[in-house]
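Keep in mind that what you see is a predicted model, and the values were worked out from it rather than measured. Start at 1 and go down the list; that is how both ligands and their atoms are numbered.
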Amino acid sequence: MKIYIDGVLYPEAEAKISVFDHGLLYGDGIFEGIRFYNGRVFRLEEHLERLWDSAKAIRLKIPISVDEMREATLETIRQNHLEDGYIRLLVTRGKGNLGLSPDRCPKATVIIIADKIQLYPVEKYIKGMVMVTCATRRAAPAALLPAVKSLNYLNNVMAKVEATHAGADEGVMLNEQGYVAECTGDNIFVIRKGVVTTPPVYAGALCGITRNVVFEICQDLGIPIRETEMTRYDIYTADECFLTGTAAEVIAAIELDTRPIGDGKPGVITGRIIARFREIAGSTGTPIHG
Ligand code: PXG
């Protein structure tokens, strides 16, 4: 595997960064997770836009241009001879000293890793995901902005550990007010009486790229979709539920806190959305080769 660091592609064993990098010392940095299918990078421009938005929010200067980042991303995929996979872009604050202040970090570090990914076993895509509510709340926007895709994922990691220890596949995270925000690494949607709803971004969700694709799909298929604040009650009493994320794609959820959602099986509308998602993901995107 070849890994890009600041303009150079290194073999994995030689891909190293400083122990004084503030990405490591403080989780001070940002990232994107991107998929490519059949030789095309899915929604590359949206991921680049979100990366630049995250950078702006944390006052991080990305040391290369959007065009250079796009080309570096494509070249890293090419050098790894992959046509389908997952690519991780990271921009850390860079090498500094042991002090917190980023003033001592003259230049951000850019890292690009391309790999294969299968987030959940195939069986989960057939049977659906089991979820529990996490006691760990989504970070309050006044503390750590949930819309920034930062390297500071301890909040989500702790919630994921909680869900796993409870025997579930994913955890639902609530915000400080007790409203549903999202899952530990996915956005959440419910369907009731034919209407699709998802919590608004201001409830503490990441503005997911896959989430945006679902809005487009529902508009295309004539399925009503809205952003609404919701509580766990709205999930318990939904007809269907599904999760979205770059790695997870679109996947049905069938249980929350031991209560079956609907009839406890992946729903029909969810199935239509998944089918359309696979069509779009497999046939659109930025070509890897010219
Ligand atoms: N919410 C959170 C908190 C995320 O981290 C999503 C939603 C979905 O966003 P996109 O843009 O991908 O549709 C994410 C992204 C993992 C893992 O191992 C998941 C993400 C990122 C990195 C790792 O589960 N999800």
Side-chain angles (χ1 to χ4, degrees), residues 23 27 29-37 41-54 57 73 85-91 111-121 124-125 129 131 134 136-141 143-164 168-175 179-189 198-218 225 227 241-251 253 273-274 277-278 280-281 284-285:
I30 53 175
F31 77 102
E32 280 296 323
I34 310 173
R35 277 299 265 273
F36 47 102
Y37 302 94
V41 184
F42 191 54
R43 304 280 158 146
L44 178 57
E45 297 310 312
E46 277 137 275
H47 284 285
L48 292 172
E49 188 179 353
R50 190 171 65 185
L51 186 71
W52 257 261
D53 286 343
S54 291
T73 303
Y86 180 86
I87 194 143
R88 177 67 57 94
L89 309 186
L90 293 98
V91 187
I111 301 168
I112 307 176
I113 310 165
D115 205 355
K116 293 262 164 204
I117 193 173
Q118 166 89 52
L119 191 60
Y120 298 117
K124 294 292 164 196
Y125 288 87
M129 304 274 280
M131 307 184 293
C134 299
T136 305
R137 296 287 173 103
R138 198 73 177 90
L144 188 63
L145 293 165
V148 174
K149 208 162 163 59
S150 84
L151 295 181
N152 215 302
Y153 252 54
L154 195 54
N155 179 225
N156 304 60
V157 171
M158 289 296 103
K160 183 81 187 183
V161 168
E162 234 186 87
T164 310
D169 304 307
E170 248 296 21
V172 170
M173 298 185 76
L174 310 178
N175 63 21
Y179 291 98
V180 174
E182 59 179 340
C183 289
T184 71
D186 317 286
N187 290 111
I188 187 164
F189 293 75
T198 191
V201 170
Y202 66 73
L206 181 76
C207 189
I209 309 286
T210 322
R211 178 182 185 273
N212 292 344
V213 176
V214 166
F215 275 85
E216 289 170 29
I217 290 173
C218 287
I225 182 161
E227 288 181 292
C241 179
F242 63 89
L243 314 180
T244 66
T246 295
E249 304 176 306
V250 183
I251 188 164
I273 295 170
I274 292 173
F277 177 83
R278 293 202 174 132
I280 298 173
T284 62

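Scanning the protein heavy atoms around atom 4 (C) of ligand 1, the nearest turns out to be Tyr153 OH, 3.4 Å. The protein heavy-atom contact nearest to atom 20 (C) of ligand 1 is Gly185 O, 3.8 Å. Protein heavy atom in closest approach to atom 9 (O) of ligand 1: Gly208 CA, 3.5 Å. Summary of contacts: the protein heavy atom closest to atom 24 (O) of ligand 1 is Leu119 CD2, 3.8 Å. Nearest protein heavy-atom contact of atom 8 (C) of ligand 1 is Gly245 CA, 3.7 Å. Given atom 22 (C) of ligand 1, the protein heavy atom at minimum distance is Arg88 NH2, 3.4 Å.
Atoms of ligand 1 lying under 4.0 Å from any heavy atom of Arg138, numbered from 1 in the order shown and given with element: 3 (C). Atom numbering of ligand 1 starts at 1 in the shown order; those under 4.0 Å from a heavy atom of Thr246 are 10 (P), 11 (O), 12 (O), 13 (O).
Within the 3.5 Å criterion, the main-chain N or O of Met129 finds no donor-acceptor partner in the side chain of Glu170.
At least one heavy atom of Lys149 sits closer than 4.0 Å to an atom of ligand 1.
By the 3.5 Å distance cut-off applied to N or O atoms, Thr210 is counted among the residues near ligand 1. The shortest N or O to N or O distance between Ile209 and ligand 1 is under 3.5 Å. Here's the thing with Glu182: one of its N/O atoms is less than 3.5 angstrom from an N/O atom of ligand 1. Inclusion of Arg50 in the set of residues having an N or O under 3.5 Å from an N or O of ligand 1 is warranted. Not one N or O of Thr184 is nearer than 3.5 Å to an N or O of ligand 1, by distance alone.
In this pair, Phe277 and Phe42 present their aromatic rings perpendicular. The plane angle is above 60°, beyond the 30 to 60° band.
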> For Ile188 and Leu243, what are the C-alpha separation, side-chain angles and deciding distance, and is it a side chain to side chain contact (heavy atoms under 4.5 Å, CB included)?
Replying inline: CA-CA 5 Å; Ile188 187 164; Leu243 314 180; 3.6 Å; yes
>> salt bridge (Lys or Arg N to Asp or Glu O under 4.0 Å), that's the test. Do Arg35 and Glu249 meet it? Break it down for me.
In response: CA-CA 9 Å; Arg35 277 299 265 273; Glu249 304 176 306; 3.5 Å; yes
> Where do Tyr202 and Glu227 land on the side chain to side chain contact (heavy atoms under 4.5 Å, CB included) test, with the steps shown first?
Replying inline: CA-CA 10 Å; Tyr202 66 73; Glu227 288 181 292; over 6 Å; no
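Contact annotation for atom 17 (C) of ligand 1: protein absent (non-hydrogen atoms, distance under 4.0 Å).
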